[in-house]
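The next block holds one structure in the form of structure tokens; read it before the comments.
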Amino acid sequence: MTRPASGSGRQRTPSGGAAGPRAGQPRAQPARQGKQAAAPRRKQGGVQAGKPQPRQARSQKPQPERQPSTKTQPRATSARLGLQAPRGGRTPPAKARPARSRVARPLPPRPGRPEVRQRWLVGLAVVVVLVFLVRLVHVQLIEGPSLAAKAEAARTATAVTPAHRGDITDANGVTLATSVDRYTVVADPKAIKDFRGTGRPHVDGRRVEDGALGIAQLLAPILDLPKNELAARLVGDSRYEVLAKNVVPEAQRAISDLEIRAYIRTDLTSRRTYPSRTVGGSLVGFVDHEQTGRGGIEAAYDDILSGTAGSDTYERSLDGLRIPAAGQESVPAVPGDDVALTLVHDIQWKAQDAIDEAQRTSGSEYGIAIVQDARTGEIVALADSGAVDPNDRSTAAVAGGSRAVKDVFDPGSTGKVITMAAALEGGYWNPDSRFTVPDTYTTPNGQTFHDSHDHPVQRLTLTGVLAQSSNTGTVMVGEKIPLAERQDYLQEFGFGEPTGLGLPGESVGLMPPDDVADWDGRTQYAVLFGQGLSVNAMQATSVFSTVANGGVRMAPTLFKGTTSPDGTVTPAEHEPGERVVSEETADTVVEMMEAVTEDGGTGTNAVVPGYRVAGKTGTAQMPAGDGWTYMASFIGVAPADDPRYTVSVFLKSPSTSIFGGDVAAPVFSDIMGFTLQKMDVPPSKNNDRQLRTEW
């Protein structure tokens, strides 16, 4: 430190001014000492007024950096602010100033950090890429197959090609039902808006217009429709408008020649027709609009006749047109097989004509006629009166089916043939056994039965009882036959079982209880002469065919075989017959039945010139509302010496006579005579029947 000069009580500053009082001497206090004492002193780094601050030692540890304080600081002196002292070398005393608050300056903004912003941008980009990548994988791998299938389905169309339905023919190939090609004309009104008639040949001397009117000009003459009406149907946004159905191939070819396939198309369809019309109409059946069998033979053999439909799959454009270069797949349709029936067209016609005439002349409610080959079980004719035409669908008659299997009734006296066969087969009686037959007979259990008419006591043989169709005599014959055997023979002859024809709506009839112990006292005798049970016409006919075939029952059939589209013929497989009675018993019963058609019998109107005829009349009582009615019938076989055919005739509720011998036997004669001649059956050589009817 510089030592002060002697005699001088003050130090000098480098500028020559007084530095203050001398060291060690008290500083003179100004007059306003009290007020200055109140002035704040500087703290921590500030310079106290009038007092020099000692210099800090170098070895002192550095103090931590002080943070700027927001407290109000005292104003800096002029010396600290770098101002010069007033001239004259003397520093004026510092004046105490009041403290004044001071607002801190805001901190300057921190400098940006670009690396953070880059990281965020990169992360966001990665997330976006991952989202797209996940979606891509989901679409390609997970949804890919289904989306591809939907896209393919949207641009793919499939046209069904109907299979040609097989024909139905008779045994000789005469067509009873066939299918012909027809077309459905379909328009695309939305596409027709873009049709342009420019460049097309004139129609009726006029140029072809654009749009719907132009298409109508071209189509109207072919479809035989009014042009204006047709044009109105071609306007709109529809893509499918049916203009005509069942269009013949000639018209379809004319439409194709117009070259308007982008607007009009022709879809191949099939139409079922029945050339024989009413011949076999109720038997053949019908098909619906989808060519599915719904009745008769059409329904029974639908799986054979229908075939398998084909398909044509192709890709199409947005406007619905076929894309020629795109892939397409075609599956050809497989036609159905032709079905040959055992029917003979001419005999079927004759049976229908005869039964229709009988129904009219007898005033019957309806009639049924059946012709069956006794040796094979094949049905040669099956006719209902009032046969319908399957081509005419204006009524529901075509859906009615054949009464020959639908309707059931008591067989009546035709059922007596079963009783005679059981009596002979069991050895209880023989053809010449003698009976004293009254017109009224009471059984041991107190049941009384009557014949159809009053008569004195008759002396009849077993053959005579059958020939006279005596109820009382039949009850006397059947008393020896145990109940269980009576039931067994009914079942073995086919009662209560399906016929085997397979026609829709068939009824198996009504039978007495399975347990004969449950038969009431009257039923056990009534079944002997065809009462107390119900059968259909085919079941009743089959009994006589069984006897005519030497006692072997052949299942009735209408099915002869099939012919495939390539011409292969497959005959039907028939089950072997089932023996019911011995051949001897069967031949004896046939000989006994011959007496029915001879003098003294009930069926003399059934004779066929040149042929021996065996048969049985029937008059069955039937319930009808609150009263009763009758089923008059006759069933017979010919030639009796070598049976070939069985013919049965049934007339319900005849008004001229209730007896089968009067109204049904003549119809039998007419149909049987025609059948024998048509089938070239030789006449009988002689009549050597030896059985007697009386004793």
Side-chain angles (χ1 to χ4, degrees), residues 157 159-169 173-189 191-192 195 197 199-209 211-234 238-277 286-291 305-307 309-312 314 320-322 324 330 332-336 338 389-394 565:
V160 177
T161 305
H164 180 85
R165 190 173 179 85
D167 294 347
I168 300 175
T169 68
V174 177
T175 302
L176 302 176
T178 188
S179 294
V180 294
D181 289 340
R182 291 292 184 266
Y183 294 86
T184 298
V185 180
V186 180
D188 185 345
I192 288 175
F195 172 74
R200 292 184 175 273
H202 286 41
V203 177
D204 296 333
R206 302 179 60 182
R207 71 178 185 86
V208 178
E209 302 290 339
L213 186 58
I215 296 293
Q217 283 181 272
L218 298 172
L219 283 182
I222 300 174
L223 299 180
D224 193 22
L225 294 173
K227 181 177 64 175
N228 293 336
E229 177 184 332
L230 183 59
R233 297 171 61 184
L234 296 175
S238 171
R239 306 307 301 261
Y240 188 90
E241 177 68 26
V242 177
L243 303 181
K245 295 182 178 181
N246 294 323
V247 175
V248 297
E250 292 79 7
Q252 187 274 337
R253 286 192 290 270
I255 295 174
S256 179
D257 292 341
L258 295 176
E259 297 182 352
I260 53 175
R261 294 184 61 184
Y263 316 100
I264 302 294
R265 78 170 192 257
T266 53
D267 296 338
L268 177 64
T269 60
S270 183
R271 182 182 179 185
R272 197 67 165 170
T273 63
Y274 302 89
S276 296
R277 302 182 67 82
F286 68 102
V287 297
D288 59 17
H289 65 282
E290 294 181 350
Q291 299 296 296
L305 294 165
S306 60
S311 62
D312 185 14
Y314 59 92
L321 300 180
R322 183 191 293 258
S330 295
V334 179
D338 295 341
D389 183 356
N391 295 299
D392 180 11
R393 299 296 301 278
S394 60

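Just so it is clear, the structure is predicted and the values come from calculations on it, not from any experiment. Both backbone and side-chain heavy atoms feed into the values below; hydrogens, waters and symmetry mates do not.
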Report task. Check the surroundings of atom CZ in Arg277: do more than 12 heavy atoms from other residues, nucleotides or ligands lie under 6.0 Å from it? Result -> no
**Asked** Is it true that atom CZ of Arg271 has more than 12 heavy atoms of other residues, nucleotides or ligands lying nearer than 6.0 Å?
**Response** no
> For atom CG of Asp257, is the number of surrounding heavy atoms from other residues, nucleotides or ligands below 6.0 Å larger than 12?
Replying inline: yes
Legend entry - Donor + acceptor pair across side chains of Asp267, Thr184 (<3.5 Å): no
In terms of heavy-atom contacts, Val247 and Val185 come closest through CG2-CG2, 3.7 Å
Closest non-hydrogen atoms of Ser276 and Val174, given as atom of the first, atom of the second and distance, are OG-CG1, 4.4 Å
**Report entry** More than 12 heavy atoms from other groups under 6.0 Å of CD on Glu259
**Finding:** no
Of all heavy-atom pairs linking Lys227 and Gln217, the shortest is CD-CG, 3.6 Å
Rounded to the nearest 0.5 angstrom, the CZ-CG distance for Phe195 and Leu218 is 5.0 Å
Separation between CD1 (Ile168) and CG (Leu176), nearest 0.5 Å, reads 7.0 Å
| query | When you look at Gln252 and Asp181, which way does the side-chain contact (heavy atoms from CB on, under 4.5 Å) test go after all the steps? | reply | CA-CA 10 Å; Gln252 187 274 337; Asp181 289 340; over 6 Å; no
Find out whether Glu241 and Ile192 are in side-chain contact, i.e. whether some heavy atom of one side chain is under 4.5 Å from a heavy atom of the other. no
In terms of heavy-atom contacts, Thr269 and Pro162 come closest through CA-CG, 4.2 Å
Value for OH (Tyr274) from OG1 (Thr178), rounded to nearest 0.5 Å, stands at 10.0 Å
Is there a donor-acceptor pair closer than 3.5 Å between any side-chain N or O of Asp338 and the backbone N or O of Asp167? yes
With side-chain contact (heavy atoms from CB on, under 4.5 Å) as the test, would you mind laying out the steps for Arg233 and Leu243 before giving the verdict?
-> CA-CA 8 Å; Arg233 297 171 61 184; Leu243 303 181; 4.2 Å; yes
Margin query: Would the distance check show the side chain of Arg182 and the main-chain N or O of Arg272 forming a donor-acceptor pair, the cut-off being under 3.5 Å?
Written below: no
Closest non-hydrogen contact found for Ala333 with Ala163 is CB-CA, 3.9 Å
Note, Leu223 side chain near Ile255 side chain (heavy atom, < 4.5 Å): yes
Is the side chain of Arg165 donor-acceptor paired with the backbone N or O of Gln291 at a distance under 3.5 Å, no angle test? yes
Here the pair of heavy atoms bringing Gly336 nearest to Pro565 is O-CG, 4.1 Å
task = State whether the side chain of Ser238 and the backbone N or O of Tyr240 hold a donor-acceptor pair below 3.5 Å, judged by distance alone.
result = yes
Check: Between Arg253 and Tyr183, does a side-chain contact (heavy atoms from CB on, under 4.5 Å) hold up when you go through it step by step?
Finding: CA-CA 10 Å; Arg253 286 192 290 270; Tyr183 294 86; over 6 Å; no
Item to check | Leu219 vs Tyr263, side-chain contact (heavy atoms from CB on, under 4.5 Å): CA-CA, chis, key distance, verdict | outcome: CA-CA 11 Å; Leu219 283 182; Tyr263 316 100; over 6 Å; no
Under 4.0 Å between a Lys/Arg side-chain N and an Asp/Glu carboxylate O for Arg207 and Glu209?
-> yes
